[in-house]
Engineer: 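Input: one structure, supplied below.
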2 protein chains.
Amino acid sequence: MVLRQHHLDDQQFTLISKALADPKRFEMLQRIAHQGPAPTCTCLRESLQLAPATISHHLKELETAGLVHIQREGKFAHITLRREVWKAYLKRLSEI
Amino acid sequence: MVLRQHHLDDQQFTLISKALADPKRFEMLQRIAHQGPAPTCTCLRESLQLAPATISHHLKELETAGLVHIQREGKFAHITLRREVWKAYLKRLSEI
DNA sequence: TCATCATTTCGATAGGTATAGAAATGACGA
DNA sequence: TCGTCATTTCTATACCTATCGAAATGATGA
């Protein structure tokens with residue numbers, strides 16, 4: 001799959017950096033990235049051992065940072081990594 | 001210059017992520033990385049507009065995370081980016 | 001309709017942290 | 001020796017945030 005290029009402005013760059021700073025949130029992101037089919041909140045909750053409210057909070061941070069896309073279908077929220085954003089973040093970091 | 005490989009354990013990885021989460025601190029790191037001759041605290045202070053105590057605080061965070069090396073010579077502290085650590089961090093991020 | 005389930009929102013709390021003023025430290029030059 | 005300068009340490013403060021219980025929301029199936 002070819003990813004469209006994504007441009008990170010300073011604000012988004014900072015939001016992403018902050019999002020990654022919490023170990024639990026980074027672990028969430030890792031699971032989201034690895035999982036083939038888009039995982040749901042409950043799925044993450046089981047592996048991370050956090051309360052639903054906490055999962056939801058972290059998920060919102062990841063979404064606000066633009067790192068994940070959340071597709072809400074009925075009861076479920078299917079989460080996917082926005083790889084073009086991730087790639088842009090890595091690129092910017094590597095240009096330090 | 002060839003960089004020896006550096007291994008990041010989980011704790012250092014988290015410390016680095018936290019260190020990067022503050023915009024001022026990231027800006028400090030950028031200046032340290034760009035500057036040819038190792039800059040001093042005062043040098044950073046002028047470009048970042050922060051109190052000496054605050055610069056010193058951020059610098060300690062960067063040092064604790066292993067991101068920078070501080071060579072203290074007389075009155076001055078010369079700061080350099082530890083590029084092998086930076087490289088290891090980028091590598092780990094890219095393996096998500 | 002009603003109970004159940006996934007998720008979100010609200011509200012509270014405990015702990016973390018960016019900031020800087022003031023004082024301490026330690027080196028340097030006069 | 002003494003004043004100055006770069007840096008650090010101490011301490012306080014204001015703000016931020018990770019966490020979760022409880023309640024709300026909204027969909028699903030019986």
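Computed from a prediction, not measured in an experiment: that's the story for all the values here. In what follows, chains are A, B, ... by sequence order, proteins preceding strands, each numbered from 1.
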Engineer: Which whole-number value in Å describes the distance from B:His78 NE2 to D:dA6 P?
Structural biologist: 12 Å
Engineer: Taking only the side-chain heavy atoms of B:Pro52 (C-beta and beyond), determine which of C:dA22, C:dT19, D:dT7 contains the nearest atom.
Structural biologist: D:dT7
Engineer: Counting only side-chain N and O atoms of A:Thr42, is one of them less than 4.0 Å from OP1 or OP2 of C:dC5?
Structural biologist: no
Engineer: Is B:Arg25 near enough to C:dT17 that one of its side-chain N or O atoms lies under 4.0 angstrom from OP1 or OP2?
Structural biologist: no
Engineer: Report the distance from atom CE of A:Met28 to atom P of D:dT19, rounded to the nearest whole Å.
Structural biologist: 11 Å
Engineer: Is there a side-chain polar atom (N or O) of B:Lys60 under 4.0 Å from OP1 or OP2 of D:dT9?
Structural biologist: yes
Engineer: With a 4.0 Å cutoff (strictly under), does any side-chain N or O of B:Ser56 reach OP1 or OP2 of D:dT8?
Structural biologist: yes
Engineer: Give the nucleotide from the list D:dT7, D:dT8, C:dA6 with an atom nearest to the side chain of B:Phe76.
Structural biologist: D:dT7
Engineer: Quick check: on DNA chain C, is the nucleotide nearest B:Gln49 upstream (toward 5') of the one nearest B:Lys18, or the reverse? Name the residue that is more 5'.
Structural biologist: B:Lys18
Engineer: Check the side chains of B:His58 and B:Glu27 for a donor-acceptor pair under 3.5 angstrom, ignoring hydrogens and angles.
Structural biologist: no
Engineer: Taking atom C1' of D:dT8 as reference, at what distance in whole Å does atom CG of B:Leu44 sit?
Structural biologist: 15 Å
Engineer: With a 4.0 Å cut-off on heavy atoms, is B:His57 in touch with a base, just the backbone sugar-phosphate, or nothing at all?
Structural biologist: base
Engineer: What is the separation between atom NZ on A:Lys75 and atom P on D:dA27, rounded to the nearest whole Å?
Structural biologist: 12 Å
Engineer: Taking any heavy-atom pair under 4.0 Å as a contact, classify B:Leu50: base, sugar-phosphate, or nothing.
Structural biologist: sugar-phosphate
Engineer: Within the supplied structure, the quantity of interest is the number of heavy atoms (other residues, nucleotides, ligands) at a distance under 6.0 Å from B:Gln11 CD; does it exceed 12?
Structural biologist: no
Engineer: Tell me the closest heavy-atom pair linking A:Arg82 and A:Gly66, and the distance in Å.
Structural biologist: CD-O, 3.3 Å
Engineer: Within the supplied structure, the quantity of interest is the number of heavy atoms (other residues, nucleotides, ligands) at a distance under 6.0 Å from B:Gln5 CD; does it exceed 12?
Structural biologist: no
Engineer: Whole angstroms only, please: what is the CD-P distance between A:Gln71 and C:dT7?
Structural biologist: 13 Å
Engineer: From C-beta outward on B:Glu61, which listed nucleotide comes closest to its side chain: D:dT19, C:dA18, C:dA6?
Structural biologist: C:dA18
Engineer: Looking at A:Thr54, I'd like to know whether one of its side-chain N or O atoms comes within less than 4.0 Å of OP1 or OP2 on D:dC20.
Structural biologist: yes
Engineer: Phosphate oxygens OP1/OP2 of C:dG26: is one of them under 4.0 Å from a side-chain N or O of B:Arg72?
Structural biologist: no
Engineer: What pair of heavy atoms forms the shortest contact from B:Gln35 to B:Cys43, and how long is it?
Structural biologist: NE2-SG, 3.7 Å
